[in-house]
S.K.: 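Here you go, one structure.
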Protein chains: 2
Amino acid sequence: MKTLISALALATTLGTAALSDTIATGDLGLVIERAKGSVLLVDQSDRASLARIEGLGDLSHASLVYSPDERFAYVFGRDGGLTKVDIVERKIANRVVQGGNSIGGAISDDGKLVAVSNYEPGGVRVFDADTLELVADIPTGSKTIGLVDIPGRRFVFTMWDTGETWIADMSNGNEPEITKIADMGKNPYDALVTGNGRTYITGLFGEDGLTALDLWEDDPEPIRVMPNYGRGQEELPVYKMPHLEGWALTGSEFVLPAVGHHEVLWIDAQTLKETGRTKTYSQPVFAMARPDGRQVWVNFAHPMNDTIQVIDTVTKAVIHQFKPGPAVLHMEFTPRGHEIWISVRDENKVKVYDTQTFELLREIEADSPSGIFFTARAHRTGL
Amino acid sequence: MKTLISALALATTLGTAALSDTIATGDLGLVIERAKGSVLLVDQSDRASLARIEGLGDLSHASLVYSPDERFAYVFGRDGGLTKVDIVERKIANRVVQGGNSIGGAISDDGKLVAVSNYEPGGVRVFDADTLELVADIPTGSKTIGLVDIPGRRFVFTMWDTGETWIADMSNGNEPEITKIADMGKNPYDALVTGNGRTYITGLFGEDGLTALDLWEDDPEPIRVMPNYGRGQEELPVYKMPHLEGWALTGSEFVLPAVGHHEVLWIDAQTLKETGRTKTYSQPVFAMARPDGRQVWVNFAHPMNDTIQVIDTVTKAVIHQFKPGPAVLHMEFTPRGHEIWISVRDENKVKVYDTQTFELLREIEADSPSGIFFTARAHRTGL
């Protein structure tokens, strides 16, 4: 059977696209190749790359979301490009340049709407996931950041310039109903939403502290939390503001990369108060929880970005440290957490590790790899 | 390309099964048709049935798990049959009758091992997920219940007769290393594990109360919780013991169907102490949380099993009640919770509802439908 399948795969890949032997999509993923403007289709079970899909434009800081059937990826490029990639046929299905400077996107819970947030012109544009036709244009008059999807065909996003958060409710068709929440703080630079879509938290560049919203409230009000979170009085040099989407929920606590400081912070998930700190190797960028919450894996800012530390969430102690290689940019766990894939940009490799034994299982060639996105994300909120 | 794909499908399946145009598997599912011994392949996005696959034997109380690529389902039949269904080619890929009286199964976190628990002969058998060859036979000398998978290629299961729980660790190959925990209580009849694989909880038929294990401990010890949980002094008639896998985690609390009583119980997820009760229409069977945890949907035991109640998890109040029809046996949410599919056995229908508006969106013909299982389960632990 394998021979037959290979022959078929060969036949179809010669020209353009391929079904190949992988026609179920649950264990696939895409790796952003930032320099080349391409994405690498990968298979978690085989720990292999399957195909390269090119022509996606500027993919520095690119991210993507998946359709509910795990067939299409919507890739948000820094150049405003929105590219729909068909991972079954292994080709670009559609592409529009929707803005001048895009910084991320989201997909509605029903999979019908894809939203993109832009710096220039500032605002959010919503597209039909099927056709990429513009469905709604929501100018905000500000650089717009922290765009996430939440249940009920809604999107939430925040304005760098004005410090407002808006909720766009599109449950009654394609005309967004906007709720505006003022006073989120000075220059929000990023935001996240918890996996249940309830708590939205913005990080602030212009002042210390974080601002939370309880989206289950009828009229969410800004809640100031972690007043000391930020660069602080010492004004330490900050090489890279940490990614808030790297917040890790580990049972009853979040783990959060500190800003500038060499530590991660532990925060009670209910009260959003600090419960502890763990010293780390350098300035953390991502602190990512293994799906079971037992471990947190941390990478670091340039120039210390060749190292990973693994923290046990029960003891809050570092239990493992190693150097995957130069410029560790991103990590992605398999959905049930038994393995982790790590982008080592300056070695042009993605490396796969066992999360129980820490054994290196495989190295996969990739051109300046950055973000790794597995298709299981299709089934989750707020990524 | 569509034509090419159809041609390939025809070629590879020899004209029997169909690939059709649905080759991404992220939004598919199977519905157990208990009387017919068949499963119905369904598509969540299209709210449609795609194909019927027959010949699975006795499917009363059947359940199933999915391979990581969301291509294969392993169906555990009451007659001891273990059937591997290929949902891409829409046919039975393999089938063995592995025991006399099977009551459920699990799949290891790496997707390589499928385990089945049996009443007769009592024990657990572990099979190669690829070939269905027997990999390990673990006789227990007891009816064996509550089999779940947890991280690290491990399975946990419990003995009705002896009240022991065993952990089978298969991380070092196919020779299970067994840890035995005695004293879980009198006649455990069912068990569940929390979504993170940490807390295993058994329900007891022979006495009141529940027994928990913290599987993150090196030597887990039985912890008695909820001492009043059970049939209690009054010895109310119990029409059906509630399914523990129907436990719902809603942020910081679990919701649990009471035994015999017309109520669900709220339990603090950290302390496992009771925090409240909500009166319900009748004896609850399943209490299932919408994936965001904002709602819990409850069905009821015969003869009141035509009704569903929806409880808001913030107010703990019933916010909606309706009658889908005679013999509501099971419910399954879409992975992001915007819709729910409900089996109405005696009407031979599966009904699909919007979880925000409660609107009936679609009715799908099915022969005595019971369990509904969407492929997103592939990515979760302990189901």
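First the proteins, then the strands, lettered A, B, ... as listed; each starts at 1.
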S.K.: Heavy-atom cut-off 4.5 Å, strictly under: side chain, backbone, both or neither for Thr381(A) against chain B?
M.R.: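 When you check distances to chain B, atoms from both the backbone and side chain of Thr381(A) fall under 4.5 Å.
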S.K.: Between Ser108(B) and chain A, which part of the residue has a heavy atom less than 4.5 Å away: side chain, backbone, both or neither?
M.R.: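 Contact with chain A is through the backbone of Ser108(B) alone.
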S.K.: Residues in ring-ring contact (aromatic ring centres under 6.0 Å, His included) with Tyr74(B), at least two apart?
M.R.: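 Scan of Tyr74(B) (ring-ring contact (aromatic ring centres under 6.0 Å, His included), adjacent residues dropped) gives none.
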S.K.: Can you say whether Thr199(A) sits under 4.5 Å from chain B via the side chain, the backbone, both, or neither, judging by heavy atoms?
M.R.: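 Neither the backbone nor the side chain of Thr199(A) comes within 4.5 Å of chain B.
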S.K.: Quick one: which of Asp149(B), Thr194(B), Thr355(B) has the most heavy-atom pairs under 4.5 Å with chain A, could you say?
M.R.: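 Option with the top pair count is Asp149(B).
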S.K.: Measure distances from Ala378(A) to the heavy atoms of chain B and classify the residue's part below 4.5 Å as side chain, backbone, both or neither.
M.R.: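 The answer is the backbone of Ala378(A).
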S.K.: How long is the straight-line distance from CD of Gln295(B) back to CE of Met288(B), given to the nearest 0.5 Å?
M.R.: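 Here the interatomic distance stands at 13.5 Å.
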S.K.: For chain B, which candidate among Gly197(A), Ser67(A), Gly293(A) shows the most heavy-atom pairs at distances under 4.5 Å?
M.R.: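 Ranked by heavy-atom pairs under 4.5 Å with chain B, first place is Gly293(A).
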S.K.: Checking Arg380(B) against chain A: side chain, backbone, both or neither under 4.5 Å from a heavy atom?
M.R.: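 Only the backbone of Arg380(B) comes within 4.5 Å of chain A.
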S.K.: List the residues meeting ring-ring contact (aromatic ring centres under 6.0 Å, His included) with His338(A), not counting sequence neighbours, and say none if there are none.
M.R.: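 Listed in chain order: nothing, the list is empty.
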S.K.: Only one of Phe374(B), Phe373(B), Phe333(B) passes ring pair (Phe, Tyr, Trp, His ring centres under 6.0 Å) with Trp341(B); say which it is.
M.R.: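 Option passing the ring pair (Phe, Tyr, Trp, His ring centres under 6.0 Å) with Trp341(B): Phe374(B).
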S.K.: Quick check on the interface: out of Asp292(B), Asp69(B), Asp354(B), who has the most heavy-atom pairs with chain A under 4.5 Å?
M.R.: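 Ranked by heavy-atom pairs under 4.5 Å with chain A, first place is Asp69(B).
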S.K.: Does the ring of Trp297(B) carry Arg290(B) above it, NZ/CZ under 6.0 angstrom from centre and within 45° of its axis?
M.R.: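 Here Arg290(B) fails the 6.0 Å and 45° test against Trp297(B).
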S.K.: If you measure from CG on Asp27(B) to CD on Gln44(B), what distance do you get to the nearest 0.5 Å?
M.R.: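 Reported value, rounded in 0.5 Å steps: 5.5 Å.
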